[in-house]
Colleague: 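There's a structure below that I have some questions on.
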Amino acid sequence: MPIFSDIQETELSGTKEVFLSAIRYATSTGDSFPRFEDDLRTSAQEQVEFMLEDDEKIPLVIADDELKVETRIVVSKIFSSFENELFSLILEPDIVIKDMEKKIMRSLSDLEWMHNILLKMDLMKDFVSHWANISSNLLKVIEDKRLDSVMWNLKIKLIEVTSKVLEAVGYGTVVLPAESRVELLKTWLPCIRKMKSLSDEMSTTEAAFPYKMSDDLCQCVEGAIVSLVSALPSNDQADILADWISAEQVKYPDLSEAFEIWCYRTKSAQRRLDEALTESAVPMPLPLSPST
């Protein structure tokens, strides 16, 4: 048994090293040969996906604390690299912006792929937390005047990744404090609303415009937001719904279902409060005296 245990530990250690190396290559965070970089990246992604689905030792490997720490380091590097590349868009001359788009889209593709991997490793909270932390900075870039009419592919892809984050939080895959959920919504809701309106307008004026938000994406975002709003404290729901009602682009996302739920709960709470106040106001009968 001691010999068997040593063999098993060695096998798990080897599997762990292969898995971590594959993730580094798959996300361009490891050393690689530039000429073979794309081939290595694709092969490494396929290897990671294969191990997570078919390797019988992988449940023990991904439960390893050291592996989780190393994976979190990789995730942190990807987010940091992506944020720095995106910020460079508003610092570089206009002529350079187009050349940088491919590199930034590749980093964003790495992030999207990593989202699927972390979901299988029960580390989705790390992805959501990183995305929430950099959201304000991302919006500062894509809402910069220099990018008003360019990089639609990047803008739509950002909405797609954000929809995955909203789904994870809205449907309970990742549990965040109420204040964090409110901040996430208030950060992205105006941008999503604006992007939907602009992409619809562009597709109307330009028949060949390829970057309209798809119906599936719109439904995913809307469903996640409705679920997210409905799970917030009543006062926070009221603030978001009041903003939604007063917005010019009130048609999207359609939060009427969340509004109906809020109204029903508010009326029910008010009714219970009124009943409690009525009961407390009814005078209690005085006890009979002994002589009586």
Side-chain angles (χ1 to χ4, degrees), residues 11-64 66-89 96-124 126-128 130-131 134 138 142 151-165 167-168 173 210-211 213-214 216-217 220:
E11 289 181 348
L12 289 177
S13 178
T15 303
K16 182 171 71 174
E17 289 302 319
V18 170
F19 186 78
L20 280 174
S21 296
I23 282 184
R24 293 188 184 107
Y25 277 115
T27 56
S28 307
T29 55
D31 295 329
S32 61
F33 300 99
R35 186 170 56 175
F36 303 115
E37 191 172 355
D38 288 339
D39 291 338
L40 279 172
R41 183 166 167 267
T42 302
S43 297
Q45 289 182 354
E46 292 174 352
Q47 177 65 27
V48 171
E49 292 165 3
F50 170 79
M51 293 179 74
L52 285 173
E53 293 175 2
D54 297 320
D55 194 319
E56 60 184 14
K57 296 186 289 294
I58 206 65
L60 293 175
V61 171
I62 62 177
D64 182 82
E66 183 182 355
L67 178 91
K68 290 181 178 180
V69 170
E70 291 295 326
T71 303
R72 288 185 173 111
I73 291 173
V74 171
V75 173
S76 181
K77 287 182 178 179
I78 301 171
F79 270 96
S80 178
S81 175
F82 173 67
E83 187 176 11
N84 290 335
E85 290 171 0
L86 197 63
F87 252 105
S88 64
L89 285 175
V96 181
I97 289 179
K98 189 173 182 180
D99 295 333
M100 297 180 63
E101 184 173 8
K102 183 177 180 181
K103 185 178 181 181
I104 294 172
M105 287 299 298
R106 176 174 172 169
S107 295
L108 186 53
S109 177
D110 286 344
L111 278 176
E112 188 174 27
W113 177 81
M114 200 66 198
H115 158 273
N116 298 328
I117 300 304
L118 294 178
L119 190 60
K120 296 176 182 178
M121 295 178 66
D122 292 328
L123 293 175
M124 187 58 190
D126 292 84
F127 188 95
V128 170
H130 277 292
W131 192 261
I134 70 171
L138 298 185
I142 65 172
M151 290 204 168
W152 285 101
N153 190 26
L154 172 64
K155 293 172 183 176
I156 297 300
K157 179 59 72 172
L158 283 173
I159 300 298
E160 290 177 4
V161 177
T162 301
S163 75
K164 297 177 186 295
V165 172
E167 284 182 327
T173 303
Y211 302 118
M213 288 177 62
S214 68
D216 288 343
L217 175 59
C220 288

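None of these values were measured; they are calculated from a predicted model. Heavy atoms only: backbone and side chains are in, while hydrogens, waters and symmetry mates are out.
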Colleague: How far does CG of Leu158 sit from CE of Met105, to the nearest 0.5 angstrom?
Modeller: 8.0 Å

Colleague: May I ask you to decide if Val18's main-chain N or O and Ser21's side chain share a donor-acceptor pair within less than 3.5 Å?
Modeller: no

Colleague: Could you tell me whether Glu49 and Lys120 make a salt bridge, using a distance below 4.0 angstrom between a side-chain N and a carboxylate O?
Modeller: no

Colleague: May I ask you to test the Leu108-Leu86 pair for a side-chain heavy-atom distance under 4.5 Å?
Modeller: no

Colleague: Got a salt bridge between Lys68 and Asp126, using NZ or NE/NH1/NH2 to carboxylate O under 4.0 Å?
Modeller: no

Colleague: For the CE atom of Met121 and the CG atom of Leu67, what is their distance to the nearest 0.5 Å?
Modeller: 4.5 Å

Colleague: With sequence neighbours left out, which residue pairs that include part of residues 102-124 fulfil the ring-ring contact (aromatic ring centres under 6.0 Å, His included) condition?
Modeller: His115-Phe127

Colleague: Give the C-alpha distance, both sets of side-chain angles, the deciding distance and a yes or no for side-chain contact (heavy atoms from CB on, under 4.5 Å) between Leu118 and Arg72.
Modeller: CA-CA 9 Å; Leu118 294 178; Arg72 288 185 173 111; over 6 Å; no

Colleague: Looking at Glu167 and Lys164, is any side-chain nitrogen of the basic one under 4.0 Å from a carboxylate oxygen of the acidic one?
Modeller: no

Colleague: Within a strict 4.5 Å, meaning less than it, do heavy atoms of the Met151 and Leu89 side chains meet?
Modeller: yes

Colleague: So Lys103 and Arg106, side-chain contact (heavy atoms from CB on, under 4.5 Å) or not? Walk me through it.
Modeller: CA-CA 5 Å; Lys103 185 178 181 181; Arg106 176 174 172 169; 5.7 Å; no

Colleague: Trp131 vs Phe82 aromatic rings, parallel, tilted or perpendicular, using cut-offs 30° and 60°?
Modeller: parallel

Colleague: Give me the atom names and distance for the closest heavy-atom approach of Ser107 to Ile78.
Modeller: O-CG2, 4.4 Å

Colleague: Are any side-chain N or O atoms of Ser76 and backbone N or O atoms of Ile73, one a donor and one an acceptor, separated by less than 3.5 Å?
Modeller: no

Colleague: As an exercise, state the distance from CG of Leu123 to CE of Met114, rounded to the nearest 0.5 Å.
Modeller: 8.0 Å

Colleague: Taking atom OG of Ser109 and atom NZ of Lys102, what is their separation to the nearest 0.5 Å?
Modeller: 12.0 Å

Colleague: In Å, rounded to the nearest 0.5 Å, how long is the span from CG of Leu138 to CZ of Phe87?
Modeller: 8.5 Å

Colleague: What is the minimum heavy-atom distance between Ala44 and Ala26, and which atoms define it?
Modeller: CB-N, 3.6 Å

Colleague: Provide the closest heavy-atom pair for Met124 versus Ala168 in the form atom of the first, atom of the second, distance.
Modeller: CE-CB, 4.0 Å

Colleague: Which distance, rounded to the nearest 0.5 Å, do you find between the CD1 of Ile62 and the OG1 of Thr71?
Modeller: 9.5 Å

Colleague: Under a 4.0 Å N-O cut-off, is there an ion pair linking Glu70 with Arg24?
Modeller: yes

Colleague: So, Thr27 side chain and Ile23 main chain: donor-acceptor pair closer than 3.5 Å or not?
Modeller: yes

